[in-house]
Protein chains: 2
Amino acid sequence: MGKQATEMLKGILEGILLAIISERPAYGYEITAELRERGFSDIVEGTVYAVLLRIEQRGLVDVEKVPSEKGPPRKVYTLNAQGRDSLAEFWGNWSFLAGRLEQLRTDNEGN
Amino acid sequence: MGKQATEMLKGILEGILLAIISERPAYGYEITAELRERGFSDIVEGTVYAVLLRIEQRGLVDVEKVPSEKGPPRKVYTLNAQGRDSLAEFWGNWSFLAGRLEQLRTDNEGN
DNA sequence: TACCGGTACTCCGCAACACTAGGTACTCAA
DNA sequence: TTGAGTACCTAGTGTTGCGGAGTACCGGTA
(Lines give C-alpha, C1' and ligand atoms only; values in the text may rest on other atoms or scores of the structure.)
Protein backbone atom coordinates (compact mmCIF):
# COMPACT_ATOMS: atom_id res chain seq x y z
CA MET A 1 0.00 0.00 0.00
CA GLY A 2 2.92 2.32 0.34
CA LYS A 3 4.29 4.48 3.06
CA GLN A 4 1.76 7.23 2.53
CA ALA A 5 -1.15 4.97 3.44
CA THR A 6 0.67 3.79 6.54
CA GLU A 7 0.99 7.32 7.81
CA MET A 8 -2.67 7.94 7.13
CA LEU A 9 -3.64 5.07 9.39
CA LYS A 10 -2.13 6.80 12.36
CA GLY A 11 -4.81 7.84 14.76
CA ILE A 12 -7.41 6.16 12.60
CA LEU A 13 -6.57 2.53 13.27
CA GLU A 14 -7.44 2.98 16.91
CA GLY A 15 -10.86 4.30 15.94
CA ILE A 16 -11.38 1.39 13.58
CA LEU A 17 -10.66 -1.09 16.35
CA LEU A 18 -12.97 0.67 18.77
CA ALA A 19 -15.70 0.57 16.14
CA ILE A 20 -15.23 -3.15 15.55
CA ILE A 21 -15.25 -3.92 19.25
CA SER A 22 -18.37 -1.80 19.69
CA GLU A 23 -20.28 -4.19 17.45
CA ARG A 24 -19.55 -7.09 19.74
CA PRO A 25 -16.85 -8.25 22.13
CA ALA A 26 -13.87 -9.56 20.22
CA TYR A 27 -10.31 -10.77 20.62
CA GLY A 28 -7.15 -9.89 18.75
CA TYR A 29 -6.83 -12.78 16.38
CA GLU A 30 -10.47 -12.42 15.39
CA ILE A 31 -10.14 -8.66 14.89
CA THR A 32 -7.12 -9.14 12.66
CA ALA A 33 -9.16 -11.47 10.48
CA GLU A 34 -12.08 -9.04 10.33
CA LEU A 35 -9.76 -6.25 9.29
CA ARG A 36 -8.66 -8.33 6.33
CA GLU A 37 -12.26 -9.00 5.39
CA ARG A 38 -12.98 -5.31 5.59
CA GLY A 39 -10.23 -4.54 3.11
CA PHE A 40 -7.50 -3.46 5.50
CA SER A 41 -5.30 -6.25 4.29
CA ASP A 42 -1.99 -4.62 5.09
CA ILE A 43 -2.45 -4.17 8.78
CA VAL A 44 -0.13 -6.63 10.48
CA GLU A 45 -0.95 -8.69 13.52
CA GLY A 46 1.67 -7.11 15.71
CA THR A 47 0.17 -3.70 15.16
CA VAL A 48 -3.32 -4.83 16.08
CA TYR A 49 -2.14 -6.29 19.36
CA ALA A 50 -0.19 -3.14 20.12
CA VAL A 51 -3.27 -0.98 19.67
CA LEU A 52 -5.35 -3.35 21.77
CA LEU A 53 -2.82 -3.14 24.56
CA ARG A 54 -2.92 0.63 24.34
CA ILE A 55 -6.68 0.98 24.53
CA GLU A 56 -6.69 -1.48 27.39
CA GLN A 57 -4.17 0.56 29.34
CA ARG A 58 -6.21 3.69 28.71
CA GLY A 59 -9.27 2.02 30.15
CA LEU A 60 -11.39 2.14 27.00
CA VAL A 61 -12.14 -1.57 27.11
CA ASP A 62 -12.79 -4.29 29.64
CA VAL A 63 -10.83 -7.50 29.24
CA GLU A 64 -11.76 -11.06 29.96
CA LYS A 65 -9.62 -14.12 29.49
CA VAL A 66 -11.51 -16.93 27.82
CA PRO A 67 -10.05 -20.38 27.17
CA SER A 68 -9.87 -21.54 23.57
CA GLU A 69 -10.25 -25.08 22.28
CA LYS A 70 -7.30 -24.66 20.00
CA GLY A 71 -4.44 -22.59 21.28
CA PRO A 72 -3.72 -20.16 24.09
CA PRO A 73 -6.55 -18.39 25.93
CA ARG A 74 -8.20 -15.47 24.19
CA LYS A 75 -8.24 -11.95 25.52
CA VAL A 76 -11.77 -10.82 24.81
CA TYR A 77 -12.24 -7.04 24.70
CA THR A 78 -15.50 -5.28 25.46
CA LEU A 79 -16.08 -1.57 24.92
CA ASN A 80 -16.95 0.24 28.15
CA ALA A 81 -18.45 3.68 28.75
CA GLN A 82 -15.15 5.46 28.33
CA GLY A 83 -14.52 3.56 25.15
CA ARG A 84 -17.88 4.59 23.77
CA ASP A 85 -17.05 8.21 24.53
CA SER A 86 -13.75 7.87 22.77
CA LEU A 87 -15.39 6.23 19.79
CA ALA A 88 -17.93 9.04 19.56
CA GLU A 89 -15.11 11.57 19.70
CA PHE A 90 -13.34 9.66 16.96
CA TRP A 91 -16.34 9.76 14.66
CA GLY A 92 -16.69 13.46 15.37
CA ASN A 93 -13.09 14.16 14.43
CA TRP A 94 -13.38 11.91 11.44
CA SER A 95 -16.50 13.65 10.17
CA PHE A 96 -14.83 16.99 10.52
CA LEU A 97 -11.74 15.88 8.65
CA ALA A 98 -13.66 14.04 5.95
CA GLY A 99 -15.88 17.07 5.41
CA ARG A 100 -12.98 19.45 4.99
CA LEU A 101 -11.16 17.09 2.69
CA GLU A 102 -14.21 16.50 0.55
CA GLN A 103 -14.58 20.21 0.13
CA LEU A 104 -10.93 20.55 -0.74
CA ARG A 105 -11.26 17.85 -3.32
CA THR A 106 -14.27 19.33 -5.05
CA ASP A 107 -12.64 22.77 -5.07
CA ASN A 108 -9.70 21.06 -6.57
CA GLU A 109 -11.26 19.09 -9.36
CA GLY A 110 -9.32 19.00 -12.58
CA ASN A 111 -5.95 19.93 -11.13
CA MET B 1 -8.98 19.74 19.03
CA GLY B 2 -7.30 17.17 21.17
CA LYS B 3 -4.58 14.66 20.69
CA GLN B 4 -6.72 12.26 18.70
CA ALA B 5 -7.23 14.80 15.92
CA THR B 6 -3.54 15.55 15.82
CA GLU B 7 -2.71 11.94 15.18
CA MET B 8 -5.32 11.75 12.46
CA LEU B 9 -3.59 14.51 10.55
CA LYS B 10 -0.52 12.39 10.03
CA GLY B 11 0.01 11.71 6.37
CA ILE B 12 -3.04 13.78 5.58
CA LEU B 13 -1.66 17.22 6.19
CA GLU B 14 0.89 16.69 3.47
CA GLY B 15 -1.89 15.83 1.04
CA ILE B 16 -3.83 18.90 2.07
CA LEU B 17 -0.85 21.12 1.34
CA LEU B 18 -0.25 19.50 -2.02
CA ALA B 19 -3.91 20.07 -2.87
CA ILE B 20 -3.73 23.72 -1.93
CA ILE B 21 -0.57 24.28 -3.90
CA SER B 22 -2.09 22.50 -6.88
CA GLU B 23 -4.74 25.21 -7.12
CA ARG B 24 -2.12 27.89 -7.57
CA PRO B 25 1.46 28.59 -6.52
CA ALA B 26 1.59 29.67 -2.92
CA TYR B 27 3.97 30.46 -0.06
CA GLY B 28 3.99 29.32 3.54
CA TYR B 29 2.47 32.27 5.27
CA GLU B 30 -0.33 32.38 2.74
CA ILE B 31 -0.98 28.65 3.05
CA THR B 32 -1.18 28.91 6.81
CA ALA B 33 -3.85 31.57 6.42
CA GLU B 34 -5.79 29.50 3.92
CA LEU B 35 -5.72 26.52 6.26
CA ARG B 36 -7.42 28.65 8.90
CA GLU B 37 -10.04 29.77 6.42
CA ARG B 38 -10.65 26.17 5.50
CA GLY B 39 -11.35 25.25 9.10
CA PHE B 40 -8.00 23.73 10.04
CA SER B 41 -7.59 26.34 12.72
CA ASP B 42 -5.29 24.32 14.95
CA ILE B 43 -2.48 23.76 12.52
CA VAL B 44 0.40 25.92 13.63
CA GLU B 45 2.80 27.79 11.44
CA GLY B 46 5.84 25.76 12.38
CA THR B 47 4.17 22.58 11.27
CA VAL B 48 3.26 24.03 7.90
CA TYR B 49 6.81 25.11 7.21
CA ALA B 50 8.12 21.72 8.23
CA VAL B 51 5.86 19.99 5.74
CA LEU B 52 6.78 22.46 3.01
CA LEU B 53 10.44 21.79 3.60
CA ARG B 54 9.77 18.07 3.38
CA ILE B 55 7.90 18.15 0.12
CA GLU B 56 10.56 20.44 -1.28
CA GLN B 57 13.32 18.02 -0.35
CA ARG B 58 11.36 15.19 -1.93
CA GLY B 59 11.13 17.11 -5.15
CA LEU B 60 7.35 17.39 -5.23
CA VAL B 61 7.43 21.16 -5.69
CA ASP B 62 9.48 23.79 -7.45
CA VAL B 63 10.53 26.77 -5.39
CA GLU B 64 11.03 30.38 -6.35
CA LYS B 65 12.09 33.21 -4.09
CA VAL B 66 9.97 36.29 -4.62
CA PRO B 67 10.59 39.61 -2.82
CA SER B 68 7.79 40.93 -0.64
CA GLU B 69 6.86 44.57 -0.04
CA LYS B 70 6.52 43.94 3.63
CA GLY B 71 8.85 41.49 5.21
CA PRO B 72 11.35 38.88 4.14
CA PRO B 73 11.22 37.31 0.67
CA ARG B 74 8.57 34.68 0.05
CA LYS B 75 9.29 31.13 -0.96
CA VAL B 76 6.67 30.43 -3.57
CA TYR B 77 5.94 26.73 -4.14
CA THR B 78 4.63 25.30 -7.38
CA LEU B 79 3.49 21.72 -7.81
CA ASN B 80 5.53 19.82 -10.40
CA ALA B 81 4.88 16.55 -12.20
CA GLN B 82 6.10 14.43 -9.31
CA GLY B 83 3.97 16.43 -6.95
CA ARG B 84 0.91 15.86 -9.08
CA ASP B 85 1.60 12.13 -9.02
CA SER B 86 1.92 12.21 -5.28
CA LEU B 87 -1.29 14.19 -4.95
CA ALA B 88 -3.12 11.69 -7.11
CA GLU B 89 -1.79 8.87 -4.99
CA PHE B 90 -2.93 10.71 -1.90
CA TRP B 91 -6.48 11.09 -3.19
CA GLY B 92 -6.46 7.42 -4.08
CA ASN B 93 -5.42 6.37 -0.60
CA TRP B 94 -7.84 8.83 0.92
CA SER B 95 -10.75 7.51 -1.12
CA PHE B 96 -9.95 3.99 -0.11
CA LEU B 97 -9.73 4.84 3.55
CA ALA B 98 -12.80 7.06 3.54
CA GLY B 99 -14.79 4.35 1.78
CA ARG B 100 -13.87 1.67 4.29
CA LEU B 101 -14.55 3.95 7.20
CA GLU B 102 -17.90 5.03 5.85
CA GLN B 103 -18.89 1.41 5.54
CA LEU B 104 -17.70 0.71 9.03
CA ARG B 105 -19.74 3.60 10.33
CA THR B 106 -22.97 2.56 8.65
CA ASP B 107 -22.49 -1.03 9.81
CA ASN B 108 -22.00 0.43 13.21
CA GLU B 109 -24.95 2.74 13.53
CA GLY B 110 -26.60 2.83 16.90
CA ASN B 111 -23.68 1.46 18.89
C1' DT C 1 7.38 -40.23 18.06
C1' DA C 2 8.44 -36.09 15.49
C1' DC C 3 6.94 -32.53 12.87
C1' DC C 4 4.04 -29.02 10.89
C1' DG C 5 0.34 -25.80 10.46
C1' DG C 6 -3.21 -23.22 12.69
C1' DT C 7 -4.48 -20.58 16.77
C1' DA C 8 -3.31 -16.69 19.93
C1' DC C 9 -0.57 -13.35 22.17
C1' DT C 10 3.87 -10.47 23.13
C1' DC C 11 8.08 -7.69 22.52
C1' DC C 12 11.81 -4.67 20.58
C1' DG C 13 13.91 -1.33 17.63
C1' DC C 14 12.80 1.82 13.92
C1' DA C 15 11.26 5.73 10.88
C1' DA C 16 7.91 9.13 10.08
C1' DC C 17 4.99 12.51 11.61
C1' DA C 18 2.89 16.83 13.83
C1' DC C 19 3.52 19.59 17.87
C1' DT C 20 5.79 22.73 21.25
C1' DA C 21 8.31 26.53 21.82
C1' DG C 22 11.18 29.01 20.67
C1' DG C 23 14.22 32.04 17.27
C1' DT C 24 15.65 35.46 13.10
C1' DA C 25 14.69 39.31 10.07
C1' DC C 26 12.27 42.81 7.41
C1' DT C 27 8.79 46.81 7.00
C1' DC C 28 5.87 50.46 8.53
C1' DA C 29 3.03 53.12 11.75
C1' DA C 30 2.28 55.00 16.42
C1' DT D 1 11.89 53.03 19.44
C1' DT D 2 8.60 50.14 20.21
C1' DG D 3 5.18 47.24 18.50
C1' DA D 4 2.50 44.69 15.13
C1' DG D 5 2.33 42.42 10.94
C1' DT D 6 4.85 39.75 7.50
C1' DA D 7 7.72 35.64 6.49
C1' DC D 8 10.67 31.87 7.41
C1' DC D 9 13.42 28.34 10.22
C1' DT D 10 15.00 25.00 13.98
C1' DA D 11 15.66 21.57 17.96
C1' DG D 12 13.61 18.54 20.83
C1' DT D 13 9.51 15.60 22.13
C1' DG D 14 5.81 12.01 22.19
C1' DT D 15 2.89 9.06 19.57
C1' DT D 16 2.18 5.99 16.04
C1' DG D 17 2.25 1.79 12.90
C1' DC D 18 5.62 -1.43 10.93
C1' DG D 19 9.08 -5.19 10.50
C1' DG D 20 10.65 -9.10 12.36
C1' DA D 21 11.15 -11.64 15.51
C1' DG D 22 9.67 -15.07 19.73
C1' DT D 23 6.51 -18.02 22.93
C1' DA D 24 2.95 -21.39 23.62
C1' DC D 25 -0.89 -24.53 22.93
C1' DC D 26 -3.36 -27.83 20.01
C1' DG D 27 -4.54 -31.51 16.44
C1' DG D 28 -3.39 -34.20 12.61
C1' DT D 29 -0.07 -36.78 9.81
C1' DA D 30 3.87 -39.27 8.44
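Within every chain, numbering begins at 1; the chains are lettered A, B, ... in the order of the sequence lines, protein sequences first and strands thereafter. Keep in mind that the numbers below use all heavy atoms, side chains included, and drop hydrogens, waters and symmetry copies.
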Write down the distance between [atom1] ([X]) and [atom2] ([N]), rounded to a whole number of angstrom.
{"X": "B:Lys65", "N": "C:dC26", "atom1": "NZ", "atom2": "C1'", "answer": "13 Å"}
{"X": "A:Lys70", "N": "D:dA24", "atom1": "NZ", "atom2": "C1'", "answer": "16 Å"}
{"X": "A:Met8", "N": "D:dC18", "atom1": "CE", "atom2": "P", "answer": "13 Å"}
{"X": "B:Leu53", "N": "D:dA11", "atom1": "CG", "atom2": "C1'", "answer": "13 Å"}
{"X": "B:Glu45", "N": "D:dA4", "atom1": "CD", "atom2": "C1'", "answer": "14 Å"}
{"X": "A:Gln4", "N": "D:dC18", "atom1": "CD", "atom2": "C1'", "answer": "17 Å"}
{"X": "B:Glu69", "N": "C:dC26", "atom1": "CD", "atom2": "P", "answer": "17 Å"}
{"X": "A:Ile12", "N": "D:dT15", "atom1": "CD1", "atom2": "P", "answer": "19 Å"}

Under 4.0 angstrom between [X] side-chain N/O and [N] OP1 or OP2:
{"X": "A:Thr6", "N": "D:dG17", "value": "no"}
{"X": "A:Tyr49", "N": "C:dC11", "value": "no"}
{"X": "A:Arg54", "N": "D:dT16", "value": "yes"}
{"X": "B:Lys3", "N": "C:dA18", "value": "no"}
{"X": "A:Tyr29", "N": "C:dC9", "value": "no"}

Closer than 4.0 angstrom, basic N to acidic O: yes or no for B:Glu30 and B:Arg74?
no
Is any NZ, NE, NH1 or NH2 atom of the basic residue among B:Glu14 and A:Lys3 found under 4.0 Å from an Asp or Glu carboxylate oxygen of the other?
no
Tell me what [X] touches on the nucleic acid: a base, only sugar-phosphate, or nothing, going by heavy atoms under 4.0 Å.
{"X": "B:Ser68", "value": "sugar-phosphate"}
{"X": "B:Glu30", "value": "nothing"}
{"X": "A:Val44", "value": "sugar-phosphate"}

Passes side-chain contact (heavy atoms from CB on, under 4.5 Å), B:Val48 versus B:Leu13? Steps please.
CA-CA 9 Å; B:Val48 174; B:Leu13 180 54; 5.8 Å; no
Considering the options A:Leu87, A:Asp85, A:Asn93, which one meets the side-chain contact (heavy atoms from CB on, under 4.5 Å) requirement together with A:Glu89?
A:Asn93
Would you kindly compare B:Pro72 and B:Arg58 by the position of their nearest DNA chain C nucleotide and give the one closer to the 5′ end?
B:Arg58
Specify the residue among B:Gly71 and A:Pro73 whose closest nucleotide of DNA chain C lies further upstream toward the 5′ end.
A:Pro73
If you find the nucleotide of DNA chain D closest to B:Gly46 and the one closest to B:Tyr27, which residue's nucleotide is nearer the 5' end?
B:Tyr27
Which nucleotide in the list C:dC19, C:dC9, C:dC17 gets nearest to the side chain of A:Arg74?
C:dC9
Picking from D:dT6, C:dC19, D:dC18, which would you name as closest to the side chain of A:Leu13?
D:dC18
B:Ser86-B:Arg58 side chain donor-acceptor pair, cut-off 3.5 Å:
no
Looking at the base of D:dT16, is there any donor atom on it, or on the side chain of A:Lys10, that sits under 3.5 Å from an acceptor on the other one?
yes
Between OH of B:Tyr77 and CG of B:Leu60, what distance do you get to the nearest 0.5 Å?
12.0 Å
